[in-house]
Amino acid sequence: MAPILEIKNLTHTYSAGTPFEHKALDSVSFSVERGEFIGIIGHTGSGKSTLMQHMNGLLKPTSGNVILDGVDIWQDKKTTRQARFRVGLVFQYPEYQLFEETVYKDIAFGPKNMGLKPDEVDRRVREAASFVNLTEAQLKVSPFDLSGGQKRRVAIAGVIAMEPEILILDEPTAGLDPVSREEILENIQSYRRAKNATIMMVSHSMNDVARLTERLLVMNGSRLAMDGTPDEVFTRAQELLDMGLDIPEVTRVFLRLRELGLPVDPVYSIDQAVAVLKKLKEGTAHA
Amino acid sequence: MLKDITLGQFFPGNSFIHRLDPRTKLVMLVVYIVALFVATSWISYAVMLIFLVGCILISKIPGKSIVRGMKPMVIILIFTAVLNIFMTAGETVWLHFWIITITKEGVIRAFFMVIRILMLVTGTFLLTYTTSPIALTDGLESLLSPLKKIKLPVHELSMMMCIALRFIPTLIEETDKIMSAQKARGADFETGSLIDRVKALVPILIPLFVSAFRRADELATAMECRCYHGGEGRTKMKLLRYTRWDFEAYAAGVILLCGIIILAHFGL
Amino acid sequence: MATAISVEHLNYAYPGVDNTPGVAVFADLNLTVEEGSFVAILGSNGCGKSTLAKHFNSILLPSGGKVYVCGMDTANDDLLIKIRRNVGMVFQNPDNQIVANVVEEDVAFGPENLGIASPEIRKRVDNALKQVGMYEFRAHAPHLLSGGQKQRIAIAGIIAMEPKCIVLDEPTAMLDPKGRREVMDTVLKLNREKGITVVLITHHMDEAAQAQRVVVLHKGDVAADGTPKEVFSQVELLHRIGLAAPETVELCYELRQNGLHLPLDRLDIEECAQALYAEVKA
């Protein structure tokens, strides 16, 4: 099947021609299949945010192409506008963009801008609300009366309601407590399952990306430094550390175990670690 | 984009003008503006211009930055020029067409007005370019402190100015972010009628206000935690002190003003 | 050892709006923090962590019970300035606590409010900036700095008042991993070298693990209190109240469920690896 999104030689230079000229993206290329869950990691200033804003046409490439479903999104104005809706973008701290009197109206903002019929808008709002566990009663209250975690979920629902084929989230769990974090990650998963949507998630939490995603893109110094499964990426743990990134603690423990002489491959989740160690223990018990 | 706005931009430096006390610079600006309005003739303007160019050279501020800062002024300048050209009655008529009459006096007057505005703005730029906003508010607070006696909240005003300057870049950045986020939800700021466009601003302005209030609230708590309790008993890390240079600058200012007044007296 | 903060039978409810009943946060909370110690306070959202922190320097006053800092009653209005200069506060959002648009001017803000003489302020500002490693940025504009740097400026602004105690309310929640490390290193250094009492409110278990003592709050009461090892080995209790133990402990806990014999107090990588190695080889 053809990839849903192709990024070809994408380069973006901010303030070109001024003393503040800065190349935020440097010939980045990759393609994304329908239904993939991709994690994007990289330290602050590595080009992650700039990359994200290219995928739905908020930023125009200095050179290179963004190809959505076989069509360059900058081909004509209509295609660019369509890309906004087909690729949903949830910014960091999205709760700060809420503005309507009620949660319902706020979630409806996107679908209304798409020019949908009222009953379709209504269906989408209710469905999006159910993806993020908002109750019927909560739809009627002012978004400003909700707790931090709830506001965040309203904001995410506002993007989900546009039913994007690709949902991109910039640190959706930043600043939340562990319970709210888990809940939001669960919401994202359920949207993906229901719509076979492609998810791309920027995160600083290596544990989350390692646990949830099937593929990782590592940005470093405006370039795409790595592209592979979490297995492949976390095997190069030392390189990640050199880039100033964190690696999951379990991975660190396993790297140390290998130094101590245990025959283990790096793992990145507790479940994997348990399986490996259990097997190893059984092996020694039988020997 | 919004980020390109350079409001009250400050170019750090170490020139004679940079090192002057902010009070000196503020008073000098007032003296300079007064002189500008007293000046009427070619000669007085030439004197003023030499003084201004001298100051710019001493300050080592690149001329390019001053020209760039003028850009937003173009419309006002054109408007002033046109108004003066058409509205001034005069004897020597250069052009007469339908109801439009252009006279020699009108053209000269327009020219002086434009020069006057240009020199006034340049002088102000020279102040903001060579003085950090903090020094500027400190200077203003110090100069206005006699007004405390008539219950004017001078300290509070200067504190407000200082905080406003601190938060302008933060709020500009925030506006950019909110705009991007709403665009990602399909908001359209570029097409439609004027009313549509004004309506399209609601999704930006409301989050911006909410955020500004939240910031103000948190900042107030943070300030209280740092023992802020108004201007009473407050000291300053950087004390304003006049040096020999300031007296030299004041002397130069007085000489300039007297010179211009004398020239004006003789009708020059 | 002397007590830096002592909370006695604290009772507090947020006042209700428009005749609605207020929301009770604490019924009868008791807690003491020793001078020079480093205490981490953990708890899920709504457990009262931030409300408690605001009691430590008279931003909020108890509805019942008493809060004493350095022996001073926080309800005593006359001591307000003295209390606040002894208990500094650092908040979550670094942007909303920086007052001035030059780094050193911002650090000077606190001492200026205290009416300290100009040369002394200069000395304190330079010292404070050196202690947080931001001295070379003293003439910069804060909005151009990274989150971690801004938060260190905020800390410098507090230590320039020379407080006995610093309370940090989720100071790393908005930072990236690098910024988090910078802030944690700074806080640890201040505690070790200057003997400043630190109360750190956090969501991050790995940060709490670096403290001398961990207090877990749940529904306005102390659910666990002890050294990090003591607290984090109570994995089931933590899970019950919506928290997790550090990953190394979670790993050992899962393995125990699977029949391996492992201790639950291995908080760092090395300790954990050694324990696993010993168990697998056994």
Side-chain angles (χ1 to χ4, degrees), chain B residues 3 6-14 18 131-138 141 155 158-174 177 211-241, chain C residues 53-54 56-60 80-126 139-144 150 154 157-158 160-161 163 166-167 169:
Chain B
K3 277 176 192 156
T6 52
L7 206 128
Q9 204 179 25
F10 164 56
F11 291 86
N14 218 0
H18 277 89
T131 321
S132 81
I134 292 252
L136 212 54
T137 43
D138 278 358
E141 182 179 354
H155 165 77
S158 91
M159 195 73 203
M160 274 160 59
M161 223 168 105
C162 179
I163 290 172
L165 285 166
R166 148 78 187 85
F167 277 91
I168 284 171
T170 309
L171 290 176
I172 288 178
E173 203 179 299
E174 178 129 32
K177 233 190 272 170
S211 148
F213 280 117
R214 182 177 41 85
R215 284 181 193 280
D217 187 44
E218 285 181 22
L219 184 72
T221 310
M223 284 170 72
E224 263 187 68
C225 285
R226 291 167 76 179
C227 302
Y228 182 70
H229 53 280
E232 214 166 306
R234 210 175 123 78
T235 47
K236 285 270 173 196
M237 173 169 74
K238 286 183 184 152
L239 295 176
L240 297 176
R241 232 181 244 120
Chain C
K54 287 188 178 133
F56 292 163
N57 70 348
S58 305
I59 295 290
L60 294 177
L80 194 65
I81 295 296
K82 227 174 146 194
I83 288 167
R84 289 188 178 158
R85 64 147 294 210
N86 274 301
V87 183
M89 278 270 225
V90 177
F91 297 95
Q92 191 184 80
N93 190 335
D95 272 323
N96 300 352
Q97 44 192 323
I98 292 177
V99 185
N101 52 4
V102 180
V103 166
E104 61 178 10
E105 294 282 353
D106 184 73
V107 177
F109 181 74
E112 286 178 344
N113 290 332
L114 296 172
I116 292 162
S118 161
E120 170 70 12
I121 299 182
R122 183 79 253 176
K123 220 167 66 198
R124 284 190 183 196
V125 168
D126 289 350
H140 283 230
H143 72 272
L144 298 174
K150 282 185 214 167
I158 297 301
M161 296 194 298
I166 301 186
V167 180
D169 189 355

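Throughout, protein chains are lettered first and strands after them, A, B, ... in sequence-line order, and every chain is numbered starting at 1. Because only heavy atoms are used, hydrogens play no part in the values below, and waters and symmetry mates are left out as well, while side chains stay in.
- Of the atoms belonging to C:V107, it is backbone heavy atoms, and not side-chain ones, that fall under 4.5 Å from chain B.
- Heavy atoms of C:I59 lying under 4.5 Å from chain B belong exclusively to its side chain.
- Looking only at distances, no side-chain donor or acceptor of C:D169 sits under 3.5 Å from a matching main-chain atom of C:M89.
- In terms of heavy-atom pairs under 4.5 angstrom with chain C, the leader among B:G233, B:C162, B:C225, B:G230 is B:C225.
- A salt bridge between C:K150 and C:D106 is absent, with no side-chain N of the basic residue lying under 4.0 Å from a carboxylate O of the acidic one.
- Across C:A108, C:G88, C:P142, C:A100, the residue that shares the most heavy-atom pairs under 4.5 angstrom with chain B is C:A100.
- Defined by atom type and a distance below 3.5 Å, a donor-acceptor pair is present between the side-chain atoms of B:R215 and C:N96.
- The contact between C:P111 and chain B is made entirely by backbone atoms, counting heavy-atom distances below 4.5 Å.
- Contact tally against chain C (heavy-atom pairs below 4.5 Å) for B:R214, B:E218, B:M237: the top residue is B:M237.
- With sequence neighbours left out, B:K238 forms a side-chain contact (heavy atoms from CB on, under 4.5 Å) with C:E104, C:E105, C:R122.
- When heavy atoms are compared at a cutoff of 4.5 Å, C:V125 approaches chain B solely by way of its side chain, counted from C-beta outward.
- One distance of note links SG of B:C227 with CG of C:L114; it measures 4.5 Å at 0.5 Å rounding.
- Top candidate by heavy-atom pairs under 4.5 Å with chain B, chosen from C:I83, C:N93, C:I98, is C:I98.
- Using a 4.5 Å cut-off between heavy atoms, C:D95 touches chain B through backbone and side chain atoms alike.
- Listed by chain and residue number, B:Y228 satisfy the ring-ring contact (aromatic ring centres under 6.0 Å, His included) test with C:F109 (two or more places apart in sequence, or in another chain).
- The pair C:E120-C:K123 meets the salt-bridge criterion, since a charged nitrogen lies less than 4.0 angstrom from a carboxylate oxygen.
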